[in-house]
Amino acid sequence: MTVDRARTRDTSPTPYRGAQPADMRDDLVIADLLPEDERLWVALDEGVWSRPLLFDVTHGAYAHVMRVTRAGIVARHRHTGPVLAFVQRGRWHYLEHDWEAIAGGFAFEPPGETHTLVIPKEYDKMITTFHIHGALIYIDPNNIP
């Protein structure tokens, strides 16, 4: 790899003046990921909620904040695409792995993986932002949707 030493760092406060792509969507900025207003949360199960953030129907992806206020198994599921997880509070893990996702941490889940999400007893509150590509399929322990 070569480095272009002739290039200087651009410190000009001038915004980009070129044309943006004609089919580009508007930016989406959500100032409060964890609103107090319960109407913005979708109940998924007892003690489990989702806060939808983005539905990218063009690319088959979505982002949401998951809030869990109880310990135990949350869901057994499979993803058809990759998943990115950013843990804001608490801890969680998958029965199928020996790692644990902790507050301030990041996890990548490869496409096709099946796992069982669990909140440990000592951390009965969890908040994680998930960016999911493809489908989410709930299944039982015997691989039956």
Whether [X] side chain and [Y] backbone form a donor-acceptor pair below 3.5 Å:
X     : Y      : result
Thr80 : Ala135 : yes
Arg39 : Val42  : no
Arg91 : Glu100 : no
Asp56 : His59  : yes

Return the minimal non-hydrogen interatomic distance between [X] and [Y], and the atom names on each side.
X      : Y     : answer
Lys121 : Ala71 : CA-CB, 3.6 Å
Leu34  : Arg89 : CD1-NH2, 3.7 Å
Gly134 : Tyr62 : O-CE2, 4.1 Å
His93  : Trp99 : CB-O, 3.5 Å
Ala103 : Gln88 : CB-O, 3.7 Å
Leu33  : Trp41 : O-CZ2, 4.0 Å

Residues, nucleotides or ligands: over 12 heavy atoms within 6.0 Å of Asn142 CG: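 Count over threshold, so yes.
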Assigning hydrophobic clusters by single linkage (Ile, Leu, Val, Met, Phe, Trp, Tyr; side-chain heavy-atom cutoff under 4.5 Å), is [X] placed with [Y]?
X      : Y      : value
Val68  : Ile102 : no
Val118 : Val74  : no
Trp49  : Val65  : yes
Leu95  : Ile137 : no
Met66  : Ile127 : no

Remaining members of hydrophobic cluster (4.5 Å side-chain criterion), Met24: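 Grouped by the 4.5 Å side-chain rule, Met24 forms a cluster of one, so the answer is none.
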Student check: side-chain heavy atoms of Ile132 and Glu109 closer than 4.5 Å: no
How long is the straight-line distance from [atom2] of [Y] back to [atom1] of [X], given to the nearest 0.5 Å?
X      : Y      : atom1 : atom2 : result
Tyr138 : Asp45  : OH    : CG    : 9.0 Å
Ile73  : Leu117 : CD1   : CG    : 9.5 Å
Thr116 : Glu96  : OG1   : CD    : 3.5 Å
Leu28  : Leu54  : CG    : CG    : 6.0 Å
His64  : Leu53  : NE2   : CG    : 8.5 Å

Salt bridge present between Arg67 and Glu38 (N-O < 4.0 angstrom): yes
Within the 6.0 Å centroid threshold, strictly below: His79 and His133: no
Donor on one side chain, acceptor on other, Glu113 and Tyr94, under 3.5 Å: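 There is no such pair (donor and acceptor under 3.5 Å, judged by atom type) between the side chains of Glu113 and Tyr94.
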Geometric class of the His115/His77 ring pair [parallel <30°, tilted 30-60°, perpendicular >60°]: perpendicular
Intermediate values then yes/no, side-chain contact (heavy atoms from CB on, under 4.5 Å), Thr129 and Arg51: CA-CA 9 Å; Thr129 299; Arg51 165 95 194 283; over 6 Å; no
Residue list, side-chain hydrogen bond (donor to acceptor under 3.5 Å, both in side chains) with Glu122, at least two apart or on another chain: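 Scan of Glu122 (side-chain hydrogen bond (donor to acceptor under 3.5 Å, both in side chains), adjacent residues dropped) gives none.
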